[in-house]
Structure formats: structure tokens, C-alpha cells
Amino acid sequence: MFNGNGKTNRSTPRHAASRRSALKLGGLAIAGTALGAGLPALAEATDGADYTVRQSYDTIVVGAGLAGLIAARELRAKGRRVLVLEARDRIGGRTWTDTFNDYQIERGGAWVDPKQPHIWREISRYGLKIVADAGPERVLMPTTSGFAEYDPVTAYTRQGELFTPFFEGSQEYFPKPYAPFTREDLITPLDRLSLRDRLDQLAYAPEDEIRMTSTTGLYGAPTSRGSLLELAQWWALSGWNYEGFAGINTYRMEQGTAALANAILADGKPDLKLKSPVASVTQQNGQVKVVTRAGAAYWAAEVVMAVPVNVWKKITFSPVLPQAYRDATTQGYGVPRQKKVWLDLATPTDRFIAEAPEGHPFVIMGRMNENAPVVAFTIDTTLNLASHAAVEAAVRKILPSATLRSYTVCDWQADEFSLGGPAYRQPNQLTKLHRAINQPFGKVKFCGDDIALGWAGYMDGAIESGLRVAGSPTLSPSPAIAPSTRGLAVPNADPKIYRSMVGL
Ligand SMILES: Cc1cc2nc3c(=O)[nH]c(=O)nc-3n(C[C@H](O)[C@H](O)[C@H](O)COP(=O)(O)OP(=O)(O)OC[C@H]3O[C@@H](n4cnc5c(N)ncnc54)[C@H](O)[C@@H]3O)c2cc1C
């Protein structure tokens, strides 16, 4: 994370274990080696903010993001003894409620929606209050000769007209959005298409295509990397229409995502060790041994890996993970390069959204509420985010009269415990890898938003995946995500269109 003064703050500073905790962890490791499998649980003293920690468990959950916290809660409800090992000094993972100039901000995941039934159920379970962003008063859209200003209805009606043909056929190839393999025959040939391929197929006029690359560039990071089927699945999950698709980023939890993470933790009450990055996971003698970088060893009958796919490659698995898991972590699931930036602009002061074509330093920025800082996203690796002048110049490429007072940046790619942003699959990953990496490997199971069957890349996906790995039922899609016949609904696909998409 960069602050406006150019200093870098990692989301998680490395913490050297205190001498006291190092001695204690060392003692546990020795006891674990001596006693081996099937250890009785030994009560241990609490360590700072951590809960009481034993040395052997029914399940060890690695990672205290939303997926890991949900898995831990569900397993505790089934009477299991559960330890959560978390690398950072906080829970929440790629959600992180923080403040910027005394304003509550989210550095990672922020928006939720009733069309996302798993997160919505958690929010109502804990009685968390939802607020809706006020939204923009004006929208700046790119043209071939600069930016043009529109009222929001005009701007997004046109976006709907442009995006609708992009997803033509998705009602046939994703008829059940939470069961993406229902028409495997149709999605297999489509899975090789990138977002760029689909733009090329449709041969949009230049002034239309640049209006779409703000979206495709941000998620695809860049457009040529991202899979068509990931965005098409979100479209399907949104009710196959632009109204649902564009409305996803409207609601937030008033007390922030941290309130949800804390509520899940307090409900499940697993044992929790913060500042405990896991270095190795070894399956032997019918048990799993988990060793942290500090050398503390814990044993369990099973382990749930609730860390991002991108970080699997940083953990030593023994026996080694099968090829599909290694391919997934090498290729990457979490989007590279994406950074979320909060800007304190002295001018302009109104509520706006500005979308820019791919290649601009900021592909989207906006102020959603009165007196709020502006939130912006960048995938530009050449933008010097440590330089106030460079950031202000980047803002002025869209808003020439903007004045930047201060800013703060969260770089999820640079963070060693995420190595990327939210999940966004690349071509061929859905059909070649996704099912395989959802399988347990012996006594090691996997979960996380990256491998969700529904809303991969969203908090809802993290929760769905955490429920599944714990053997708890997931929600079937609520009526709210049934195909919509309102607004900009897509007509049923013409088979000719499908054939032209897959090159038949
Ligand atoms: C910039 C950004 C914007 C987003 N916007 C939205 C949004 O508006 N709406 C939405 O729904 N979603 C959004 N998301 C996605 C959402 O935040 C994620 O889908 C979700 O938080 C992922 O949860 P998870 O538990 O699967 O993974 P994570 O939250 O990444 O949790 C994994 C945990 O594992 C820990 N870990 C990693 N390595 C180790 C190790 N070796 N040992 C121990 N622990 C380890 C990490 O510290 C982390 O706590 C956004 C994400 C980002 C980054």
C-alpha cells in the first residue's frame, strides 16, 4: 500500500516472532514430533490477541479470509476441533476495512448484492446494516477524441446496448449459472476465447469498443488475458441482462466487511493463530502436519487450504500437488496488476463516474457519495504510484482540472499473501482446471473465491466455496437471479451466432 507521501506500507508487515512465542512454538513442535499422529489435544496459553491453541485438531484451516472463516464456523458447528492459521496480523484477507483521512474505506472487496445469495444470507444472519451508494450525477465516457459527459441513464443505456450482444448465447451455454458445466458441450469450445477475441468477433466500431475496454481491461487485466466465460458467467448470475450485471456494485455493509468477518469468527470460535504463515503441508501416516514459517507444527485429520490459488506455489506440499493444481497456481487465478486507489480530490467535488479505455492509467474512477474520497482502479504497471505528481497527472488525463490532495493505494499483487486481486480466470481454465482443483487431494481440501462454482472473484464465491468444503449445503439461486424479462434482457441465442463464436 502506498500513501500519498510516497511511503510504502505493506498490508501485512512481517512480524518476527517474539522470543516468548518462539520458545512456545518450538516446544509445541517438539511435542508434535514425539507424539505423532492421533495426538490428544493439549491446551495452550493464549498468545496476545490469539485464541487458545492446541497442537492437534480435527481440521486445520489455512487462511482467515471469508472462505476460511466460513469453513471453520461450519466445521465447528459439526463439533469439530478447528484451528485457523492466518499469515497476516488481521483476518479478512482480500477484504480489508480501513480508514483514509478519517473516512471508512474498503481496500479490497466492498460491494454486495441480493443476487449473491450466500453473502446476502450471512449479512442477514448477523443483522448487518446495508447502505446503497448514492451513485453518480454525471458519467464521463471515452470517445475517439477525448471524454464526453452524459447523464447516467443515457450513458448506461448505451453500455447495455453494447454489452448485450457480447453475451449472446449465454442463456444456452450457462443455463444454470451456479452449475457452469451443465452444457459442457457448449462451453468447451468457447472456453478458449479471451475477452479480446470476443471484441474482435463482434468488430465494434472504434468509438463503441473503447467504451467496453474499461470493463474488459479491468477484469481481464488486460483484455487479452481474461476469459470470455468468466464475464459471461457473471452476466448469467446477474440474470442475463445489463441491468443486473451493472447493478452489482451498489450496496455495501455500513460497518464494513470487517464487521462480517468478525461476526463469523465470533460465531464459530475456532482456535486462531494470527501472524502464522504456513510454510509446508505434509500428509503422512493418515494425518496432515502443517508447519509455519516460524517452525511451529500442528497436526490434524484434514486440512482446508483457504488461501488464494496464486499463493499455493509458495507453500511446500508433500506429496507434491497434482499437475492441475500446479498449473493453476503457476498460471494464476487472481488478476495481476489490479490496484485499488483512494483519492482525496479538492476538485471536482461532485458525484461522478469516469470510465477510460484500456491503456489509460486509471480505467475507472468515481465518487459515489457526497464528501467521499474518489475510488479508482488501475492495471497500469508504468504508473508510478509512489509519486504524487504522477498520480495527479494520471487523474488529469480524464479530469483535466482535478486537484489531488492525497491518496492511498492497495497493491494486492505485491502482497505475498494474495499475489493478485480477485479471481478472474484465463481462457481454458474453466474447462481444463476448475473442476480438478475443486477436488480434495488426499486429506487436503481447497476453497476460496478463486475456485467458487458461482461468483468466483466475489465475496459470495468465497462463502459458497467455504460452505462446500465444510460439507454444508450451498444455496440454490434465489428467484432474484432467475432470467429477467425486464429491462435489457437478452433474447435467446441464435444457433448461427454460437457457431460463428466457436468458429464452426
Ligand atoms: C481490489 C479488490 C476489489 C474487490 N471488490 C469486490 C467487491 O466489490 N465485491 C465482492 O464481492 N468482492 C470483491 N473482491 C473480491 C473479494 O474480496 C474476494 O473474493 C474475497 O475476499 C476472497 O476471499 P477468500 O477467503 O477466498 O480469499 P482471501 O480473502 O484472499 O483469504 C485468504 C487468506 O489466506 C491467508 N494466507 C495466504 N497465504 C497464507 C499462508 N501461507 N499461511 C496462512 N495464511 C495465508 C491470507 O492472508 C488471507 O487472509 C475484491 C477484491 C479485491 C482485491
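First listed ligand is number 1; within each ligand, the first listed atom is number 1.
In summary, the side chains of E358 and T213 do not present any donor paired with an acceptor at a separation below 3.5 Å, with no hydrogens or angles considered. A side-chain donor-acceptor contact under 3.5 Å links Y57 and D271. Inspection of the E106 and T257 side chains reveals an N or O donor paired with an N or O acceptor under 3.5 Å. Checking D380 against T378 by side-chain atom types alone, no donor-acceptor pair falls below 3.5 Å. A donor-acceptor pair shorter than 3.5 Å cannot be found between the side chains of Q426 and Q331. If you check the side chains of D344 and Y103, you find no donor sitting under 3.5 Å from an acceptor. A donor-acceptor pair shorter than 3.5 Å can be found between the side chains of R107 and T408. With hydrogens and angles left out, the side-chain atoms of S472 and K78 include a donor and acceptor closer than 3.5 Å. No hydrogens or angles considered: nothing links the side chains of T316 and S280 as a donor-acceptor pair under 3.5 Å.
The contact set between ligand 1 and L85, taken as ligand atoms under 4.0 Å from a residue heavy atom, comprises 43 (C), 44 (N). Taking every heavy atom of G448 and a limit of under 4.0 angstrom, the matching atoms of ligand 1 come to 26 (O). Near G65, meaning under 4.0 Å from one of its heavy atoms, ligand 1 places the atoms 25 (O), 29 (O), 31 (O), 33 (C), 49 (O). Listed by number with element, the atoms of ligand 1 under 4.0 angstrom from any heavy atom of P277 are 42 (N). Atoms of ligand 1 lying under 4.0 Å from any heavy atom of W111, numbered from 1 in the order shown and given with element: 7 (C), 8 (O), 9 (N), 10 (C), 11 (O). Heavy-atom proximity to G63, at under 4.0 Å, picks out these atoms of ligand 1: 33 (C), 34 (O), 35 (C), 44 (N). Near V311, meaning under 4.0 Å from any of its heavy atoms, are these atoms of ligand 1: 38 (N). With ligand atoms numbered from 1 in the order given, ligand 1 contributes 42 (N), 43 (C) to contacts under 4.0 Å with heavy atoms of V62.
Of the options A306, G93, A71, the smallest heavy-atom separation from atom 32 (C) of ligand 1 is shown by A306. Selection from M459, K275, R94 by nearest heavy atom to atom 27 (O) of ligand 1 gives R94. Relative to atom 47 (O) of ligand 1, the option among E86, E416, E106 with the closest non-hydrogen atom is E86.
Residue D449 places at least one N or O, backbone or side chain, under 3.5 Å from an N or O of ligand 1. Remark: ligand 1 and R107 share no N or O pair separated by less than 3.5 Å (distance only, no angle test). Residue R88 places at least one N or O, backbone or side chain, under 3.5 Å from an N or O of ligand 1. Looking at A67 next to ligand 1, an N or O pair under 3.5 Å apart turns up. When only interatomic distances are considered, the shortest N/O to N/O separation between Q116 and ligand 1 does not fall below 3.5 Å. Residue V278 has at least one nitrogen or oxygen atom sitting less than 3.5 Å from a nitrogen or oxygen atom of ligand 1, judged on distance alone. Considering backbone and side-chain atoms together, L66 places an N or O closer than 3.5 Å to an N or O of ligand 1.
Between G92 and ligand 1 there is a heavy-atom distance shorter than 4.0 Å. At least one heavy atom of A110 sits less than 4.0 Å from an atom of ligand 1. At a 4.0 Å cut-off, not a single heavy atom of G461 sits close enough to ligand 1 to count as contact. Ligand 1 is approached by T95 to a heavy-atom distance shorter than 4.0 Å.
In this structure the side chain of L75 reaches within 4.5 angstrom of the side chain of E302, judged on heavy atoms.
In K397, the NZ atom is not crowded: 12 or fewer heavy atoms of neighbouring residues, nucleotides or ligands sit closer than 6.0 Å. For F441, the CZ atom sits in a packed shell: over 12 heavy atoms of surrounding residues, nucleotides or ligands are nearer than 6.0 Å. Under a cut-off of 6.0 angstrom, the local environment of NZ in K432 is sparse, with at most 12 non-hydrogen atoms contributed by other residues, nucleotides or ligands.
Annotation: the span from F446 atom CZ to L321 atom CG amounts to 5.0 Å, rounded to 0.5 Å.
When non-hydrogen atoms are compared, ligand 1 lies under 4.0 Å from the backbone of F417 as well as from its side chain.
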